[in-house]
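In what follows, a structure is listed as structure tokens, so that the remarks can point back to it.
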Amino acid sequence: MLGRTHQASPIFPVSQSYSAAAAQAVCATLGRAAVCGRAIFQVEFSLSRGSASRGRTAVIVGAQWGDEGKGKIVDVLTQTFSVVARYAGGHNAGHTVIINGKKFILQLVPGGILRPECISVVGNGVVIDPLAFLKEVASLRAAGVKVDGNLFVSSRAQVILPYHRMMELGSENAPGRVKIGTTSRGIGPAYEDKMGRRGLRVADLLDSQLLRTHIENACREKNMIAHALFNSDPLDADKMFGEYADAAEQIAPFVRDTALLLNHALAEGKSIVFEGAQGTMLDIDHGTYPFVTSSSSTSGGAATGTGVPPTSIDTVIGITKAYCTRVGSGPFPSELAGLQGGAQGEDLRKRGNEYGAVTGRPRRTGWLDLPLLRYAGMINGISWLVVTKLDVLDHLTEIPVCVGHKVDGKETDEVPAQACGYEKLECIYRKMPGWASSTQAIRTVEALPKAAREYLAFIEKETGARVGMISTGPDREQTILVPDFISELGLKSG
Ligand code: IMP
């Protein structure tokens, strides 16, 4: 994997006007409220060149097809990180959390919300369904979770409207179209409108006149298209306007220029976790296209999806299960299928409770695919890996791992650009010894069975990334934190 190189001192001399000392003076003189965009630019420009006073940052990214358990690592990092920012996707994502014994599925609201001292940001790269957002906020409030003054939504985030769902359902069910197996949340059509420069942003949602015109025009157009292509029933623009104007009023207090907010936070020395949604193989550019989601779920999306410059990203943490799952259609080279595989696949599904948090669909299961993990490392710049659900493999006496790919009998490092390219791809397996004993709730590497330590060491050797955290059960406490990971990220060990 391509680890980050830490630059102790700048290669090129930095001019006096952009020195770290000058940057601190800018902050100190202007204070938080008065820091203007220009000053922020100078601070960022300076801090990205080696000052220690900028807040730390880490991107949490799924290294597989999503559902790797990113929520838990975000939860661990919020012990010491001040801000959590979502940068891509929408309410297609879902991570399960337990608050006061009650189970919640967070879909749009970042994991930081569970710690009242943490600021949670829904960045500009996210597509937000206002009704889904308000529903989530209401259920958090009802559970006594603080959401006022600590949760902010970007004024530049795109809005999902009912016609996005109508278009998606029509398209997914239309004969002759490729069925992606989406979450039916309107995510793809909302990103289509964004890129087509005809989307509605959160700032526009708050502008009642603009909202009415936008909904009227869009409904006219989408109703015609959906009727012609999919024979869908038309949507009522007036009713839609009423509902969304009402939602806009409720959302208004959360709306901010979050790029400014995040850059201020960094300049003030606050640390930020960028919370990825979905995973590398679902990325619109780098995933198994067209069986992907419609956003940049890889680490590069953290910069464009929040307005924080790429030069401010310190660490990329890739999350992988100890095995592999995928939900929805599309290539999955190491999938367990067929007779014997079917039974083993079902076994993994049951032991790992592999059912979608959002849709409840059973996940497809398979073995760890190291070539794809190396690919995820390359695309994201992963330096630390977190291995989740190690305990799901506890019953096995041997664990097959995909160590290479072959096409036409020749080994290759290249990941196919076409979905049909995966049909020719063959996995080379190596059987690792299993540990056939419980690792549940183990909290130190030393206490793991020897074969489990060897399994993790093999992942490190094959990917070039270090394993910094291992999850040995669903609970916050069922976690192993590696000392170097703790010290690099400034975490508490207990
Ligand atoms: P969409 O994001 O709803 O458009 O769905 C596109 C593909 O991404 C489908 O295969 C979904 O199952 C998959 N997908 C979207 N979000 C998630 C997620 O959070 N976890 C796992 N798969 C997801």
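All values reported here derive from a predicted model rather than from experimental measurement. Order of appearance sets the numbers: ligands from 1, and atoms from 1 within every ligand.
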Quick one: do D314 and R56 make a salt bridge, cutoff under 4.0 Å? no
With sequence neighbours excluded, what pairs up with T293 under the side-chain contact (heavy atoms from CB on, under 4.5 Å) test? N92, I187, Q278, L282, S295
For W384 and F485, take the angle between the two ring planes, folded into 0 to 90°, and tell me which bin it lands in: parallel under 30, tilted 30 to 60, perpendicular over 60. perpendicular
Is there side-chain contact between R156 and D257, with at least one heavy-atom pair below 4.5 Å? yes
Does L373 reach the side chain of I459, with side-chain heavy atoms less than 4.5 Å apart? yes
Can you name the residues that come within less than 4.0 Å of ligand 1, going by heavy atoms only? W65, D67, N92, A93, I180, G181, T182, T183, Q278, L282, V292, T293, V327, G328, R361
With R361 as the cation and Y355 as the aromatic partner, state whether NZ or CZ is under 6.0 Å from the six-membered ring centre and within 45° of the axis. no
